[in-house]
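Given the structure is predicted, the values throughout are model-derived calculations rather than measurements. Atoms within a ligand are numbered from 1 in the order they appear, just like the ligands themselves.
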Amino acid sequence: MAGNDWINSYLEAILDVGPGLEDKKSSLLLRERGRFSPTRYFVEEVITGFDETDLHRSWVRAQATRSPQERNTRLENMCWRIWNLARQKKQLEGEQAQWMAKRRQEREKGRREAVADMSEDLSEGEKGDMVSDMPSHGESTKGRLPRISSVETMEAWVNQQKGKKLYIVLISLHGLIRGENMELGRDSDTGGQVKYVVELARALGSMPGVYRVDLLTRQVSSPEVDWSYGEPTEMLPPRSTEGMMTEMGESSGAYIIRIPFGPREKYIPKEQLWPYIPEFVDGALNHIIQMSKVLGEQIGNGYPVWPVAIHGHYADAGDSAALLSGALNVPMLFTGHSLGRDKLDQLLRQGRLSKDEINSTYKIMRRIEAEELTLDASEIVITSTRQEIDEQWRLYDGFDPILERKLRARIKRNVSCYGRFMPRMAVIPPGMEFHHIVPHEGDMDGETEGTEDGKAPDPPIWTEIMRFFSNPRKPMILALARPDPKKNLTTLVKAFGECRPLRELANLMLIMGNRDNIDEMSSTNSSVLLSILKMIDKYDLYGQVAYPKHHKQADVPDIYRLAAKTKGVFINPAFIEPFGLTLIEAAAYGLPMVATKNGGPVDIHRVLDNGLLVDPHDQQAIADALLKLVADKHLWAKCRANGLKNIHLFSWPEHCKTYLSRIASCKPRQPRWLRTDDDDDENSETDSPSDSLRDIHDISLNLRFSLDGEKNDNKENADNTLDPEVRKSKLENAVLSWSKGVLKSTPKAWSSDKGDQNSGAGKFPAIRRRRHIFVIAVDCDTSSGLSESVRKIFEAVEKERAEGSIGFILASSFNISEVQSFLVSEGMKPTDFDAYICNSGGDLYYSSFHSEQNPFVVDLYYHSHIEYRWGGEGLRKTLVRWAASIIDKKGENEDHIVVEDEDNSADYCYTFKVCKLGTVPPAKELRKLMRIQALRCHAVYCQNGSRINVIPVLASRSQALR
Ligand SMILES: O=c1ccn([C@@H]2O[C@H](COP(=O)(O)OP(=O)(O)O[C@H]3O[C@H](CO)[C@@H](O)[C@H](O)[C@H]3O)[C@@H](O)[C@H]2O)c(=O)[nH]1
Ligand SMILES: O=P(O)(O)OC[C@H]1O[C@](O)(CO)[C@@H](O)[C@@H]1O
């Protein structure tokens with residue numbers, strides 16, 4: 001019963017600490033927030049160190065020895081709770097292990113099937129090692145970064161691009177982004193990503209060949225935040241040192257463009273932004289179309305200059321970029337910064353929150369689905385480290401490094417991949433802006449200290465920091481991070497507090513964002529702060545730890561400088577750090593590092609070799625490493641020198657060169673309505689094609705409705721603020737100019753009716769007169785259901801319909817022949833609707849007055865927008881195989897539940913009948929299966945679950961409207 005002696009002594013210790021554990025809610029929160037408490041320490045010891053049966057035994061014993069004394073009752077309750085926590089943890093671990101095993105099986109099966117499909121010509125490349133052209137610190141030998149080799153490609157590309165000027169769109173959705181005095185560490189959402197995207201935009205805007213960069217983000221006009229975040233546009237002026245800005249030439253530069261969406265006058269955390277993404281996409285589309293037109297006038301000889309790529313940063317912007325890239329038919333890029341699956345795994349592994357709790361707090365499943373979608377839609381995924389690919393992206397259904405390798409080898413050999421696609425992964429570490437790193441030679445010997453003899457005074461932040469210390473000249477251990485539990489600052493304070501020699505030798509400087517009042521911080525951040533303050537008190541660290549309330553972005557270089565001047569060390573003890581901008585910042589100021597061995601720091605360390613890596617969970621290892629680096633002056637000097645020597649490898653211009661060479665490898669795509677130049681009538685009064693799309697967009701803004709489950713509950717659309725009359729006339733104009741633009745730009749290409757092709761103006765007369773358009777999007781399993789809905793709507797607006805001021809679009813899962821039969825059976829005419837979105841978004845038709853035999857005109861341009869990554873026959877075959885595997889077993893008999901419906905299938909919509917409702921696997925299972933095999937598509941269960949339509953990944957009914 002040795003185990004139980006230990007348990008009992010811990011239990012006694014918990015009781016001595018006092019209440020806390022009995023309150024389930026508060027203890028869960030307490031653990032989630034990373035607050036340190038002795039109770040937590042003992043509970044964790046018990047749960048992780050002992051077997052569940054020992055814990056059960058303790059509870060039984062506590063029950064048996066129950067007495068009226070309060071302490072005994074508490075002991076009994078506590079034993080029960082702890083035993084249950086341990087069981088929960090074990091169960092979660094079990095589920096996790098099962099999930100991993102199932103996943104491994106599914107992936108292997110998927111891979112086998114994919115390989116079997118492609119088996120006739122497996123090549124050496126597919127069997128062999130990685131054919132790597134990915135630049136990576138991980139793959140490089142120290143001091144020789146492969147990305148440098150991209151310079152030649154870049155030069156070749158620049159030559160090839162001579163005369164062409166690029167427009168690039170970046171998206172970072174959440175807001176609170178500005179060019180100067182960024183509020184980094186303001187809350188959980190304002191950190192490295194903000195700095196990264198601003199610096200990337202600025203650096204790209206300064207590259208030869210790039211004409212304009214727009215960084216799109218949320219416009220936040222709220223009393224809670226600075227007015228600058230409400231400004232629609234901000235220019236990012238180029239930095240003027242370090243040779244970054246050579247050949248700015250005639251570039252228009254980089255801009256932050258703030259798009260209004262989401263609740264008005266309210267700043268919200270990123271987890272709450274998901275429902276508003278369609279609204280952002282509409283606003284962004286409007287901006288891009290207008291900007292392309294403006295750039296066309298400036299540099300495109302009057303032809304729109306479309307973005308060469310749309311690049312989403314973080315899952316939410318990835319989701320938006322996928323929709324935009326589909327709507328515009330331009331390549332998409334993605335950078336994760338931090339990935340949901342990894343976060344979910346970390347949280348599950350801690351065993352403190354159930355999956356449901358994690359999901360409701362972090363909306364993690366929505367985020368993961370968005371990340372999967374980015375894999376479906378991106379041409380290139382950019383990561384900061386190799387680890388992100390090998391350990392993080394490989395957790396996703398849509399990415400498998402082995403399959404990726406095989407597909408890449410096939411593409412190189414020009415062999416078919418049978419409709420399979422994988423995004424390219426490119427490791428391009430971020431850079432640093434070096435303009436504020438002015439060499440301070442005297443930093444190391446005290447010469448630059450403020451003196452009366454004319455030397456520069458100390459920066460104000462030094463005084464602010466030094467007032468905390470009894471002896472401010474001791475080496476400073478610096479941590480600079482948002483007070484987020486995952487940054488693990490509490491373990492650092494504990495390590496410092498419990499290591500006497502370290503306390504004697506060094507001070508601890510904690511820069512943890514900005515705060516006025518801890519009570520006003522988010523609960524997660526404030527709990528980290530409170531735990532740290534309690535620990536400072538507990539270990540009596542007064543005079544040894546600094547934790548200033550405020551600092552500005554401009555103070556950050558001085559903070560690093562101060563730590564370096566005292567011969568201190570930078571520490572990042574995060575549980576996992578995707579990259580770690582602070583580590584390269586510290587190195588640039590000559591500060592050696594101790595960093596977590598989980599994530600990006602491994603890559604950084606390989607390049608810089610400027611410190612030690614530690615297990616962030618091992619408090620002793622953290623203390624030992626810090627002590628070693630501070631105490632060993634020789635090691636310290638070597639690490640400082642190494643960091644300074646190689647830091648130039650993290651430079652934005654280098655990043656941009658590789659970045660642009662990757663973009664150059666994408667097959668150029670652009671909106672197809674461009675290709676109508678020779679149809680244009682020079683004397684026509686009509687607006688340009690881009691106007692037509694903008695106006696369609698205006699219409700869709702005014703016709704908010706719910707499609708494909710995209711609930712739009714934003715009642716505060718910008719246009720709604722207008723006077724109703726103004727809105728009405730705006731809409732009228734929009735409809736009119738849209739119809740004019742449509743008529744001008746379409747005749748040949750979207751007509752299937754050759755005889756009619758030059759009489760486009762006669763084709764869509766109705767649309768010209770529309771003031772409003774109703775989109776009827778009803779999912780029915782019988783046409784009678786649909787007919788009832790349509791009739792009710794027609795009746796409700798009978799007068800306007802008769803006048804022709806209201807037009808209708810029918811959006812359904814039916815194909816065009818089904819639509820036709822429906823119209824005939826209901827005695828309706830094709831022209832009762834102006835347009836038909838068929839096959840769940842796989843096809844778009846317009847009604848034509850001019851041909852009785854051919855009353856529907858297919859929009860072929862729409863196909864060019866959705867055909868991206870459409871798996872065609874390879875996909876169909878796999879779907880048929882899947883359908884054949886869904887079987888209902890009744891004794892000896894086996895019935896097929898899903899069967900192919902060839903008659904109703906179309907080029908961009910494979911249709912399957914569900915023979916037995918309620919027995920098919922959920923749509924997400926099918927999606928997963930396809931993703932595992934690198935087949936990209938959008939499976940829609942429709943007609944009350946009696947049909948499955950599989951359409952291109954970028955198609956949907958709402959996208960068709962867009
Ligand atoms: O009080 C603070 C805290 C942070 N910072 C700055 O904010 C940035 C923080 O960046 P980083 O250390 O990289 O962390 P995160 O904010 O968590 O950034 C995410 O995004 C970065 C860019 O992709 C990645 O490097 C990180 O690993 C990832 O977690 C750095 O420039 C810091 O100087 C401050 O100025 N003040
Ligand atoms: O904790 P999460 O949701 O993974 O997110 C971290 C993200 O938030 C930020 O820290 C703030 O910008 C980003 O830098 C990073 O991409």
Is there at least one pair of N or O atoms, one from [X] and one from ligand 1, spaced under 3.5 Å apart?
X	value
Y196	no
S338	no
S384	no

Determine whether the side chain, the backbone, both or neither of [X] has a heavy atom under 4.0 Å from any heavy atom of ligand 2.
X	value
K270	side chain
T190	backbone
S188	backbone
R186	neither
Y314	side chain

Any donor-acceptor pair under 3.5 Å linking the side chain of [X] with the backbone of [Y]?
X	Y	answer
R482	K487	no
D484	K486	yes
D342	Q392	no
S378	P423	no
Q544	N507	no
E279	F261	no

Q.
E391 vs R394, test: salt bridge (charged side-chain N to carboxylate O under 4.0 Å, His left out). Steps then yes/no.
A. CA-CA 6 Å; E391 313 280 329; R394 73 173 313 147; over 6 Å; no
Q. Does any N/O atom on G191 come nearer than 3.5 Å to any N/O atom on ligand 2?
A. yes
What's the shortest heavy-atom distance between [X] and [Y], and which atoms?
X	Y	result
A625	V614	CB-CG1, 3.5 Å
P573	N488	O-ND2, 2.9 Å
P429	F579	CB-CE1, 4.3 Å

Out of curiosity, [X] [atom1] to [Y] [atom2], how far, rounded to the nearest 0.5 Å?
X	Y	atom1	atom2	result
R202	C656	CZ	SG	12.0 Å
S228	L176	OG	CG	9.0 Å
R366	E371	CZ	CD	10.5 Å
I168	L660	CD1	CG	5.5 Å

Q: Flag the pair P269 / D187 as yes when at least one side-chain heavy-atom distance between them is below 4.5 Å, and no otherwise.
A: no
Q) With a 4.5 Å heavy-atom cut-off, do P557 and R561 have their side chains touching? A) yes
Protein residue, atom and distance nearest to [atom], heavy-atom basis:
atom	answer
atom 11 (P) of ligand 1	L581 N, 3.7 Å
atom 4 (O) of ligand 2	S338 OG, 2.4 Å
atom 23 (O) of ligand 1	H337 ND1, 2.7 Å
atom 10 (O) of ligand 2	R482 NH2, 2.7 Å
atom 12 (O) of ligand 2	D189 O, 2.9 Å
atom 20 (O) of ligand 1	Q193 N, 3.6 Å
atom 36 (N) of ligand 1	H551 NE2, 2.9 Å
atom 3 (C) of ligand 1	L480 CD2, 3.5 Å
atom 9 (C) of ligand 1	G192 N, 3.5 Å
atom 14 (O) of ligand 1	K487 NZ, 3.2 Å
atom 6 (C) of ligand 1	L184 CD1, 3.6 Å

Out of [options], who is nearest to [atom] when you count heavy atoms only?
atom	options	result
atom 6 (C) of ligand 2	K195, H337, K487, K486	K486
atom 12 (O) of ligand 1	D484, T582, I559	T582
atom 15 (C) of ligand 2	R367, H313, Q193	Q193

Q. For residues Y267 and D189, is any side-chain donor paired with an opposing acceptor at under 3.5 Å?
A. no
Q: Would you please say whether a donor-acceptor pair under 3.5 Å links the side chains of Y314 and Q193?
A: no
Hey, is [X] touching ligand 1 through its side chain, its backbone, both or neither, going by heavy atoms under 4.0 Å?
X	result
A481	backbone
F579	both
Q553	neither
V556	side chain

Mark the output for [X] as yes if a heavy-atom distance to ligand 1 is under 4.0 Å, and as no if none is.
X	result
M182	no
G600	no
G580	yes

Q. Honestly, is R258 close enough over Y229, meaning NZ or CZ under 6.0 Å from the six-membered ring centre and within 45° of the axis?
A. no
For ligand 1, which atoms sit closer than 4.0 Å to a heavy atom of [X]?
X	value
R482	3 (C), 15 (P), 16 (O), 17 (O)
K195	31 (O)
E577	26 (C), 27 (O), 28 (C), 29 (O)
G513	1 (O), 2 (C)
G191	16 (O)

Q. When the aromatic ring centroids of H311 and Y659 are compared, is their separation below 6.0 Å?
A. yes
